[in-house]
**Student:** 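Here you go, one structure.
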Amino acid sequence: MIELSNVSKTYGSGESAVHALKDINLHVPKGTIHGVIGLSGAGKSTLIRCVNLLERPTQGSVTVDGQEMMRLNRSALNQARHRIGMIFQHFNLLTTRNVFDNVALPLELMGEKRSAIQNRVLPLLEMVGLADKAKQYPAQLSGGQKQRVAIARALASKPNVLLCDEATSALDPQTTGSILELLRDINRQLGITILLITHEMEVVKSICHRVSLISNGKLVEDAEVGEFFTAP
Ligand code: ADP
Ligand code: ADP
């Protein structure tokens, strides 16, 4: 479902060049939850942003759902991005829009009719447990509730891939647990492939099928979660 082949990413050039990713090969099969773990500065965020081309790799290729992302023109790339949801550490909600209108945003951008939007948004709010908060504004919500809104928004365009960039790092352990449970349900019930990055072992242990360890821009290990944590 997600394939990175020989992906490298260098920021800047000459003396100030930073080699954030070095020859990364990563394969995430359809329907799995794959974690990428590593220290701060290891290249996790760059890696996940290369999947939907929020960052463009300097070298290599990125294939998502059979499409070679770097070959797509602007409009085809926008289409492809509808199939790739993303959530972030700090939720990235629009503070001037209420919960319903945050979740509706991607559908509005796709030109959906108001009735279609209603029919899509309400079940999504049910699914994330926020049906009674539709009219509230982000400032009125807890961190966990904000992330639930962001998850509903990410699912609005019916993606088959969900990218999670430190999605629980701003949350307390209990809230983290409930968000991870929701992600697990989304994976199981909707069959959505999940790629997540985190610096927390616990996150990987609790929901990932496979895990890659990234260090200094290189993938240094790739294993089943069970193997990874029992390795000598
Ligand atoms: P992580 O997500 O694991 O903390 P990042 O992908 O954010 O790692 O960063 C990897 C390396 O790339 C770091 O050395 C970081 O300083 C550098 N880096 C990240 N983004 C940029 C950028 N936009 N410009 C220059 N250097 C960057
Ligand atoms: P533009 O092409 O005008 O630069 P984009 O549509 O590429 O705008 O992206 C605008 C912003 O929307 C990006 O900076 C990013 O934060 C967000 N974004 C784009 N694609 C996605 C996606 N698939 N999932 C989540 N956020 C996205």
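This chain uses plain numbering: 1 for the first residue, then up along the sequence. Ligands are counted one by one from 1 in listed order, and the atoms in each one are counted from 1 as well.
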**Student:** Looking only at protein heavy atoms, which one is nearest to atom 6 (O) of ligand 1, and how far off is it?
**Tutor:** Thr46 OG1, 2.6 Å
**Student:** Tell me which protein heavy atom sits closest to atom 10 (C) of ligand 1, plus the residue, atom name and distance to 0.1 Å.
**Tutor:**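 Protein heavy atom at minimum distance: Gly41 O, 3.4 Å.
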**Student:** Would you say Asn187's side chain and Leu183's backbone share a donor-acceptor pair under 3.5 angstrom?
**Tutor:**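 A pair under 3.5 Å: no.
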**Student:** Is any NZ, NE, NH1 or NH2 atom of the basic residue among Arg114 and Asp101 found under 4.0 Å from an Asp or Glu carboxylate oxygen of the other?
**Tutor:** yes
**Student:** For atom 14 (O) of ligand 1, which protein heavy atom lies nearest, and how many Å away is it?
**Tutor:** Val18 CG1, 3.7 Å
**Student:** Do His199 and Ser40 have a side chain donor and acceptor closer than 3.5 Å?
**Tutor:** no
**Student:** Write out the residue and atom name of the closest protein heavy atom to atom 12 (O) of ligand 1, then the distance separating them to 0.1 Å.
**Tutor:**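 Protein heavy atom at minimum distance: Ala20 CB, 3.5 Å.
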**Student:** With side-chain contact (heavy atoms from CB on, under 4.5 Å) as the test, pick out the partner of Leu21 among Ile214, Thr58, Thr10.
**Tutor:** Ile214
**Student:** Please check: side-chain N/O of Thr176 versus main-chain N/O of Asp172, any donor-acceptor pairing under 3.5 Å?
**Tutor:** yes
**Student:** Please state which protein non-hydrogen atom is closest to atom 27 (C) of ligand 1 and give its distance, to 0.1 Å?
**Tutor:**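 Heavy-atom neighbour on the protein nearest atom 27 (C) of ligand 1: Tyr11 CD1, 3.2 Å.
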**Student:** Tell me which protein heavy atom sits closest to atom 8 (O) of ligand 1, plus the residue, atom name and distance to 0.1 Å.
**Tutor:**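 I find the closest protein heavy atom is Gly43 N, 3.1 Å.
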**Student:** Of all the atoms in ligand 1, which lie at a distance below 4.0 Å from a heavy atom belonging to Leu39?
**Tutor:** 3 (O)
**Student:** Counting heavy atoms only, name the option from Arg49, Lys44, His19 that's nearest to atom 3 (O) of ligand 1.
**Tutor:**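 The nearest heavy atom belongs to Lys44.
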**Student:** What protein heavy atom lies closest to atom 2 (O) of ligand 1? Include the residue and the distance to one decimal.
**Tutor:**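 Nearest protein contact, heavy atoms only, for atom 2 (O) of ligand 1 is Ser45 N, 2.7 Å.
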**Student:** Verify whether one side chain among Thr96 and Tyr137 offers a donor that lies under 3.5 Å from an acceptor in the other.
**Tutor:** no
**Student:** Just jot down the ligand 1 atoms closer than 4.0 angstrom to any heavy atom of Ser40, in number order.
**Tutor:** 4 (O)
**Student:** Do you see a donor-acceptor pair shorter than 3.5 Å between the side chains of Glu224 and His209?
**Tutor:**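 Glu224 vs His209: no donor-acceptor pair found between side chains.
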**Student:** Scan the protein's non-hydrogen atoms and note whether one is under 4.0 Å from atom 16 (O) of ligand 1.
**Tutor:** no
**Student:** Counting N and O atoms only, with roles assigned by atom type, does the side chain of Arg81 sit under 3.5 Å from a partner on the main chain of Asn52, one being a donor and the other an acceptor?
**Tutor:**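 Side chain of Arg81 to backbone of Asn52: a pair is present.
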